[in-house]
Protein chains: 2
Amino acid sequence: MKAPASAPATGSTAEPQEPRWLTDEEQRVWRSFMEGATLLDDHLDRQLQRDAGMPHVYYGLLVKLAEAPRRRLRMTELAMLAKITRSRLSHAIARLEKNGWVRREDCPDDKRGQFAVLTEEGYEVLRRTAPGHVEAVRQAVFDRLTPEQQKSLGEIMRIIAEGLQPTEAGADLPWLR
Amino acid sequence: MKAPASAPATGSTAEPQEPRWLTDEEQRVWRSFMEGATLLDDHLDRQLQRDAGMPHVYYGLLVKLAEAPRRRLRMTELAMLAKITRSRLSHAIARLEKNGWVRREDCPDDKRGQFAVLTEEGYEVLRRTAPGHVEAVRQAVFDRLTPEQQKSLGEIMRIIAEGLQPTEAGADLPWLR
DNA sequence: GGCCCCTCCTTGAACTTTAAACAAATGGCC
DNA sequence: GGCCATTTGTTTAAAGTTCAAGGAGGGGCC
């Protein structure tokens, strides 16, 4: 599978455009990204599974709840904050509920609605495991980057994130699937 | 869950160190990273599931095989390149084999060993779907970043990736689990 | 050879995620 | 009110991943 750096000129007929292949340098960037992201995900999943008994995504859900007013959020709202599908969230909350870390509550305003509420034990787990997790993130990311790189990383990833959640109607956003 | 920007001084006794919480700015960087990575992963998984009938990771495996001499790699070698566990790879190759895109071959030198070999149909799938995938990556990432940002992203993610695969013996690397 | 430890890879069960289908409630519109 | 499209959240089954265990071969050492 070669990725030619320069594309041969194509005619202006109905033939398909020559794909805009990645240059060698772009390839290197892309691979570094995928490798870093894969390893980081694996690393943090492992750290949290070991120390908190849940995967990284679930931990992130508890954090969002802890930050929310009255430690509760509507399901769709939580899915949106976590950038996941409602289905995935339903399963996750069911599991966290079984652990006693979250409980569901009906929404008074909208009988379809459900709140996910962080329980006291859930908060306790977070308090107990947050220091270790922050430390893991520091060691893997922040301690290795200069302040300029940290800033740059933030800008870059924010651009990518925004690009993937267009405001237009009909956009394929996970929490609306 | 608050993350104090400045930590109160702690005594030099046996009490646990005050965690090195993330500053507000670090928090923003970290969240942008997680959100961008999550959305990107979801986006590419979806694109490839739709157009190539397999998840992003599986697609990556085919690419690695296509680039390898004689389009084949030892299982552990492939796991290392893809930064995943051998178990995960075993399952993945089993699935790709069922699709006829990969076949296994015994290693003559080492009777424990297996080669994963890209079949002609596998190569064909790749040839057919690569343009669409490259385009998706461009749209989501490269088209949105300046050359400087691209360079920066490459450096940053390479640092993170390297940091997570230390050369020391006993390191917890996915492909050695 | 025989022993032991390590490497290579697979397996099955438990867990997580995705995809598709669904019920119930809402809200706009007539 | 009655209708209908949309929103909200869940459920089921299939697909993918992790975890723990294990079979089989390699390779050093006696």
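Note on naming: letters A, B, ... go to the chains in the order of the sequence lines (proteins, then strands), and numbering restarts at 1 for each one. Keep in mind that what you see is a predicted model, and the values were worked out from it rather than measured.
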Quiz prompt | Residue Met75(B), side-chain heavy atoms: nucleotide from dT16(C), dG16(D), dC9(C) that is nearest | solution = dC9(C)
Self-check item: Sugar-phosphate, base or nothing in reach of Asp110(B), heavy atoms under 4.0 Å
Solution: sugar-phosphate
Quiz item: When we call it a touch if two heavy atoms are under 4.0 Å apart, what does Arg74(B) touch: a base, just sugar-phosphate, or nothing?
Solution: sugar-phosphate
Quiz item: Does Arg112(A) get its side chain close enough to the base of dT7(D), under 3.5 Å, for a donor-acceptor pair?
Solution: yes
Exercise. Would you mind classifying the nucleic acid contact of Arg95(A) as base, sugar-phosphate or nothing, using non-hydrogen atoms under 4.0 angstrom?
Key: sugar-phosphate
Quiz item: Would Glu162(B) and Lys83(B) pass as an ion pair if we require N to O under 4.0 Å?
Solution: no
Quiz item: Counting any heavy atom closer than 4.0 Å, what does Arg46(B) reach on the DNA or RNA strands: base, sugar-phosphate only, or nothing?
Solution: sugar-phosphate
Quiz item: Going by the angle between their ring planes, with limits at 30° and 60°, are Trp30(B) and His56(A) parallel, tilted or perpendicular?
Solution: parallel
Practice problem: Classify the nucleic acid contact of Thr76(A) as base, sugar-phosphate or nothing, counting any heavy atom under 4.0 Å across all strands shown. | Solution: sugar-phosphate
Quiz prompt | Side-chain donor/acceptor contact of Ser87(B) with base of dC19(D) under 3.5 Å | solution = yes
Quiz item: Does the distance from a Lys or Arg side-chain N to an Asp or Glu carboxylate O, for Glu148(A) and Lys151(A), drop under 4.0 Å?
Solution: no
Quiz item: Rounded to the nearest Å, what distance is computed from the CZ atom of residue Arg86(A) to the P atom of nucleotide dT6(D)?
Solution: 14 Å
Practice problem: Rounded to the nearest angstrom, tell me the gap between atom CZ in Arg88(B) and atom C1' in dC15(C). | Solution: 14 Å
Exercise. Would you kindly give the CG-to-C1' distance between Asp106(B) and dC9(C), to the nearest whole Å?
Key: 12 Å
Quiz item: Ignoring hydrogens and angles, are the base of dG9(D) and the side chain of His91(A) linked by a donor-acceptor pair under 3.5 Å?
Solution: no
Quiz item: Can you tell me how far the OG1 atom of Thr38(B) sits from the CG atom of Asp41(A), to the nearest 0.5 Å?
Solution: 7.5 Å
Quiz prompt | Length of the CH2-P vector between Trp175(B) and dC9(C), whole Å | solution = 15 Å
Exercise. Using a heavy-atom cut-off of under 4.0 Å over every strand shown, decide if Phe115(A) touches base, sugar-phosphate, or nothing.
Key: nothing
